[in-house]
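These figures come from a predicted structure and were not determined experimentally. Chain letters run A, B, ... following the sequence lines, proteins first, then strands; residues in each count from 1.
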Number of protein chains: 4
Amino acid sequence: MTKGKKRGPKYDKIIDAAVKVIAEHGYHQAQVSKIAKAAGVADGTIYLYFKNKEDLLISLFQKKMGSFIEKTEMEILLQKSPDEMLLSLIQMHFKQLSEDYDLAIVTQLELRQTNKQLRAKIGDVLKRYLALVDSILQKGKESSVFDESLDIRLARQMIFGTLDETVTNWVMNDHKFDLVALAKPIHRLLINGLSNK
Amino acid sequence: MTKGKKRGPKYDKIIDAAVKVIAEHGYHQAQVSKIAKAAGVADGTIYLYFKNKEDLLISLFQKKMGSFIEKTEMEILLQKSPDEMLLSLIQMHFKQLSEDYDLAIVTQLELRQTNKQLRAKIGDVLKRYLALVDSILQKGKESSVFDESLDIRLARQMIFGTLDETVTNWVMNDHKFDLVALAKPIHRLLINGLSNK
Amino acid sequence: MTKGKKRGPKYDKIIDAAVKVIAEHGYHQAQVSKIAKAAGVADGTIYLYFKNKEDLLISLFQKKMGSFIEKTEMEILLQKSPDEMLLSLIQMHFKQLSEDYDLAIVTQLELRQTNKQLRAKIGDVLKRYLALVDSILQKGKESSVFDESLDIRLARQMIFGTLDETVTNWVMNDHKFDLVALAKPIHRLLINGLSNK
Amino acid sequence: MTKGKKRGPKYDKIIDAAVKVIAEHGYHQAQVSKIAKAAGVADGTIYLYFKNKEDLLISLFQKKMGSFIEKTEMEILLQKSPDEMLLSLIQMHFKQLSEDYDLAIVTQLELRQTNKQLRAKIGDVLKRYLALVDSILQKGKESSVFDESLDIRLARQMIFGTLDETVTNWVMNDHKFDLVALAKPIHRLLINGLSNK
DNA sequence: TATGAATGAGTTTTCATTCAT
DNA sequence: CATGAATGAAAACTCATTCAT
């Protein structure tokens, strides 16, 4: 929480307006005044809920990714094997971004144009997601479903890098193809690798 | 070639100065005047070699990535099997960015803060690299070294996403660890996947 | 109205400051920042009232010439004959520019240094004034006070050309002579021509 | 003579190129480099013939107006009465600008966008032309063809103002109408004035 | 809480002119 | 005489943030 306040209907309205404006006009054309107008509030009101524009963007990412991660965590809890857990994670990753194309544009393209400082804070939010990936990998190692000598950090980079690259391609191709349908083949690819068994 | 000129010692000096200034000060603090001073030329001279600042950045990426890709291609030609080619590609990827940390900062962090238009042009340059990855995968499929039912696009996204994510982590961790040493384990991971054989 | 706003005390203050700065420093030395300082506002405030610098200059001309024309029209309405109307027009033309030397400098010298596009818009404003001249000429023809075969367009060019040339000479001679005193002789000249009756 | 040099084939080529480039692209888009290219010389060569860009423009005006005035003077010498001399002057004024539309654009529109200093020097060149008008008026007064009480300065302003305004209108209307055909009616208008005789 | 008018710092690019060759 | 690569000063405009109401 950047400010003690948070919550209130306007807090949410502003964040949703920001997602919409950034998705529609791009990060560099998403002026505070434009977001305020889209949210139906005065420019100054935004500063009652957020310390500054950067805080708004971080809060946006925190809120959206928080929900994203929670739903993924819940879904994973329902799975039995690490293998199924990974499939579930991939499916949830693709499903949630498929269902909110505006958010996908914002997270995959627009928010990456921000400065290093902001991206560092975004990275912090991602850590919880990466920890989730790690826990699946750990379980997989312990249960010998995954290679026992697996370097968790490398495996996590492979999984996240693959998913992220795939979603970015999907967004840049104007979400023409069915992203969720890729979950199973990608899961299989990550599990078996390139080699011919 | 955006301008008929190009080449000449100043062309290279300006590009190298741009890499250095962007790496040192960040994309948003890399003013033309700062780059000019670093290159030892007048501000206006930059506009004799580049149409505008964006053209300079694109040219920078084209030149550096062009060289990056060429060296990788040459190295791959020396390899016999698709498996070795992939290892070679990973090693060259890591080696070249390891050896030019400034360039790594610029390509992994700073140049991603640019607008969509510029990133699109950067994407064009990358296509040649991705085509190289595809050719290795294709050879692997044909020789049955790689899974014959491999979806090349997905496999390419896995490979590039993994390498890119790994290098970005290396840069963001202030290149504390030995990037090149990761080539072999990552290669193994990509070949075998997560599963316990 | 280029912007919905307009009006308000600052709108007028900025325009008056622009006239003063342009008259004093010349068109090419009338930077926005100089005008803002003279108006006692911040640079950015100018852009709340005017779309850009060109819009400010056009608005300036529209406002000043609008008032100029209105006053002339009202004075002409008080006259009975076309002959007296013409005298009245000449007197108002000279009187109003005599009383605002800064404005005279701006309209006769400085605003003519602008590009064709801006001058075209200035020309539009002048059309109302030229229409006023035309109406006097038309009345004069109909009442046989003026030559019934008069080519109105040529006559208007003679009148406007003569007045404009005279005022420009007055401005360029540092308004050393009494401009208003020339109204009657010029009126007589325009009515009778050069010939010896 | 601004420089001792002058003359030489390149001197004329540069001036003619300047007229063409200014007419075609407008004063503000008539860069020295563009004029040099049009003249088929190097940028620096212009500075061998002209002190600076302003000197080039003044020389352009001097050369073209010098020729303009000389031809007018010669034509007037052939006339007997002041009345015919005035008609001759008007005809030559319109004829010469009609025959060189590029020059008309340059003198009527583009060269007026220059700063006060340059326009003052242009005014000096015009003085010889105005003196020619004055001499006709003087002859007319002395021979009682023109009103003996004529204020020569005012009459000159009327004549020049009318001609100038007419030519400017012709240029701004894309020289759609026959300018020379206006010489006689304008002559009649200037001689007889507006009144119904 | 909410408003929105006002602020003012900060940067790319052009182009007349020079001068070493 | 001729070249043309190099110079470097100069200005309009945007937009995150504030604060009086």
Taking [atom1] from [X] and [atom2] from [N], how many angstroms apart are they, rounded to a whole number?
X        : N       : atom1 : atom2 : value
Ile46(B) : dT7(F)  : CD1   : P     : 10 Å
Tyr11(B) : dA6(F)  : OH    : P     : 15 Å
His28(A) : dA16(F) : NE2   : C1'   : 15 Å
Lys51(C) : dT14(F) : NZ    : C1'   : 16 Å
Asn52(A) : dT18(F) : CG    : P     : 8 Å
Lys37(D) : dC15(E) : NZ    : C1'   : 15 Å
Asp55(D) : dT17(E) : CG    : P     : 10 Å
Phe50(B) : dT13(E) : CZ    : P     : 13 Å

Does a sphere of radius 6.0 Å around NZ in Lys20(B) hold more than 12 heavy atoms from other residues, nucleotides or ligands, not counting ones at 6.0 Å or beyond?
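Atom NZ in Lys20(B) is not packed in, count stays at 12 or less.
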Output yes when at least one side-chain N/O atom of Lys53(D) is less than 4.0 Å from OP1 or OP2 of dC15(E), else no.
no
side-chain N/O Lys10(D) vs dA2(F) OP1/OP2, d < 4.0 Å:
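For dA2(F), OP1 or OP2 has a side-chain N or O of Lys10(D) closer than 4.0 Å.
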May I ask you to decide if Val41(C)'s main-chain N or O and Thr45(C)'s side chain share a donor-acceptor pair within less than 3.5 Å?
no
Side chain to side chain contact (heavy atoms under 4.5 Å, CB included) between Val171(D) and Tyr101(D), intermediate numbers included
CA-CA 8 Å; Val171(D) 174; Tyr101(D) 185 50; 4.3 Å; yes
Between [options], which one does the side chain of [X] approach most closely?
X        : options                   : answer
Leu48(D) : dA2(F), dT1(E), dT13(E)   : dA2(F)
Gln31(B) : dA5(E), dT17(F), dT12(E)  : dT12(E)
Val32(D) : dC13(F), dA16(E), dA2(F)  : dA16(E)
Tyr47(D) : dT18(F), dA6(E), dA16(E)  : dA16(E)
Ala42(C) : dG8(E), dT1(E), dG8(F)    : dG8(E)
Asp43(A) : dT17(F), dT17(E), dC15(F) : dT17(F)
Thr45(B) : dT7(F), dT7(E), dT1(E)    : dT7(F)

By nearest-nucleotide position on DNA chain E, the 5'-leaning member of Gly40(C) and Ala30(B) is Gly40(C)
Salt-bridge criterion met for [X] and [Y] (N-O under 4.0 Å):
X         : Y         : result
Lys63(D)  : Asp12(D)  : yes
Asp16(A)  : Lys13(A)  : no
Lys121(D) : Asp124(D) : no

Might you work through the side chain to side chain contact (heavy atoms under 4.5 Å, CB included) test for Glu54(A) and Gln117(A), ending with a clear yes or no?
CA-CA 10 Å; Glu54(A) 183 176 312; Gln117(A) 192 183 339; 3.7 Å; yes
Taking five pairs at each end of the helix from dA2(E)-dT21(F) to dT21(E)-dA2(F), what angle separates the two helix axes (nearest 10°)?
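What I find for the helix from dA2(E)-dT21(F) to dT21(E)-dA2(F) is an axis angle of 10°.
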Please collect all side chain to side chain donor-acceptor pair (under 3.5 Å) contacts where either partner lies in residues 102-111 of chain B, sequence neighbours excluded, each pair once.
Lys116(A)-Glu110(B), Gln108(B)-Asp164(B), Gln108(B)-Thr168(B), Glu110(B)-Gln113(B)
